[in-house]
Number of protein chains: 2
Amino acid sequence: MTKDASVTNRIDPDSLGFLTGDLARLMRAAFEREIDRGAVPVTSAEARVLAHMARCGATRQNKLADRLGVAPMSLTGFLDKLEQAGLIARGTDPSDRRAKIVTLTPAADAVLEQIAQAGDRARTLARRDISDADWALFRDVALRLRGNLEQARRAAVPGRGVPA
Amino acid sequence: MTKDASVTNRIDPDSLGFLTGDLARLMRAAFEREIDRGAVPVTSAEARVLAHMARCGATRQNKLADRLGVAPMSLTGFLDKLEQAGLIARGTDPSDRRAKIVTLTPAADAVLEQIAQAGDRARTLARRDISDADWALFRDVALRLRGNLEQARRAAVPGRGVPA
DNA sequence: GTCATTTAGTATGTCGGCCTTACTATATGG
DNA sequence: CCATATAGTAAGGCCGACATACTAAATGAC
């Protein structure tokens with residue numbers, strides 16, 4: 001077997017890194033097609049912000065950024081647009097005047113329902129011919145992979161644990 | 001139960017769309033940390049192009065773009081950089097002077113090995129405490145999800161199947 | 001009480017990953 | 001022969017992220 005053959009056989013275009021990238025890119029495209037069809041006025045990342053806010057209620061921005069795993073500035077950009085669309089509101093934190101509390105507005109209810117429906121349709125496309133049992137195990141492993149990767153990310157961030 | 005409670009309980013920040021986005025974002029970050037550590041001279045998307053080329057050998061650009069699921073112009077950008085880095089070469093297709101055949105250069109061997117090693121390390125972080133059996137089923141379901149989504153994408157592209 | 005240090009949020013600039021439109025050169029088929 | 005389609009690309013743009021540096025506010029050691 002030549003060296004060339006051994007090198008090219010070793011790399012796997014379906015390894016975890018590439019496979020998760022494919023899944024995300026294709027799921028996002030499917031979701032965006034459904035968002036367009038339903039005229040939902042948010043992007044997929046903005047939808048994710050709203051989904052997390054719906055789950056955790058009124059929250060400080062820094063906590064929400066941490067929960068989403070993005071830099072505070074990234075969240076600020078998303079919130080600017082969502083505030084402009086009338087879907088969230090920012091208020092001051094009486095216990096710390098630097099901090100801001102973000103909340104969903106009543107207008108967000110309808111959009112959240114649209115997002116949920118778009119997600120349902122995209123997931124239905126993806127899940128075709130996959131049993132409930134396989135699906136449950138897939139989700140379980142995916143959640144554990146995410147947890148492991150989230151831990152690795154926190155360990156890699158400067159200023160955490162051992163001083164930089 | 002109030003209406004507000006029912007709406008916010010319905011949306012799931014861990015539904016497939018958001019979950020795959022999280023996995024991709026975190027895997028990409030882990031892979032990029034390993035690429036940086038190993039001084040690998042490519043981005044994650046460029047690595048993916050090389051991985052697919054390694055698998056399918058000398059190929060026309062339009063076929064490679066199709067295999068990667070990106071627009072021809074997107075692939076052109078990646079190939080420009082890889083060519084500039086000396087990792088791929090473009091040649092003419094004698095059977096069609098419009099078409100170009102892309103091949104890996106000998107210099108790509110070492111980079112492919114580095115990419116494979118970076119991917120191994122990232123995957124090891126992610127897989128911690130996940131059994132071989134669970135892993136195998138996860139991969140199987142992920143590949144099927146990708147296949148389903150790829151089919152849905154092809155069906156949605158204008159000019160395919162039923163005329164637009 | 002003072003002040004060095006830290007933190008919350010943001011302005012600005014940048015990068016990577018993609019896309020669309022429009023173009024030239026070439027191929028195809030009626 | 002020529003209308004139509006295709007391969008690859010130039011140009012411009014969008015989205016999702018980040019880093020640095022800044023202001024305002026909080027904290028804690030002394």
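Note on naming: letters A, B, ... go to the chains in the order of the sequence lines (proteins, then strands), and numbering restarts at 1 for each one.
- A donor-acceptor contact shorter than 3.5 Å links the side chain of A:Thr105 to the backbone of A:Leu87.
- We find that CD1 of A:Ile88 is positioned 12 Å from P of C:dG9, with the value rounded to whole Å.
- Between B:Gln61 atom CD and D:dT6 atom P there is a gap of 17 Å when expressed in whole angstrom units.
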Under 4.0 Å protein heavy-atom contact, by nucleotide of nucleotides 15-21 of chain C - B base, S sugar-phosphate only: -SSSBB-
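- Side chains of A:Val102 and A:Leu79 form a contact here, defined as non-hydrogen atoms less than 4.5 Å apart.
- Electrostatic pairing of B:Arg146 and B:Glu150 does not count as a salt bridge here, judged by no charged N lying under 4.0 Å from a carboxylate O.
- Residues forming a ring-ring contact (aromatic ring centres under 6.0 Å, His included) with A:Phe31 (at least two apart in sequence, or on another chain): none.
- Atom CZ of B:Arg33 is separated from atom C1' of D:dC18 by 14 Å (rounded to the nearest Å).
- Remark: P of D:dA7 and CG of B:Leu64 are 14 Å apart, rounded to the nearest angstrom.
- For D:dG8, neither phosphate oxygen OP1 nor OP2 lies less than 4.0 angstrom from any side-chain nitrogen or oxygen of B:Thr76.
- We find that B:Asp22 and B:Arg25 are joined by a salt bridge, their nearest charged nitrogen and carboxylate oxygen being less than 4.0 Å apart.
- Using a 4.0 Å cutoff on non-hydrogen atoms, the parts of residues 92-100 of chain B near DNA chain C are B:Asp96, B:Arg97, B:Arg98, ordered by number.
- Residue A:Asn62 places at least one side-chain N or O under 4.0 Å from the OP1 or OP2 atom of C:dG9.
- In this structure, A:Leu82 places its CG atom 13 Å from P of D:dC15, rounding to the nearest Å.
- Side-chain contact check for B:Arg144 versus B:Asp140: some heavy-atom pair is nearer than 4.5 Å.
- Within the structure, a side-chain polar atom (N or O) of A:Arg90 is placed less than 4.0 Å from OP1 or OP2 of C:dT10.
- In this structure, B:Asp93 CG and B:Gln61 CD are separated by 11.0 Å, a value rounded to the nearest 0.5 Å.
- What separates CZ of B:Arg60 from C1' of D:dT6 is a distance of 10 Å, to the nearest Å.
- Taking every heavy atom of both residues into account, B:Arg90 and B:Thr76 meet most closely at NH2-O, 3.6 Å.
- Contact between B:Arg123 and B:Met27 at its shortest, heavy atoms only, is N-CE, 4.4 Å.
- Distance A:Ile101 CD1 to D:dA25 P: 16 Å, rounded to the nearest Å.
- Rounded to whole Å, atom C1' of D:dA19 lies 14 Å from atom CG of B:Asp36.
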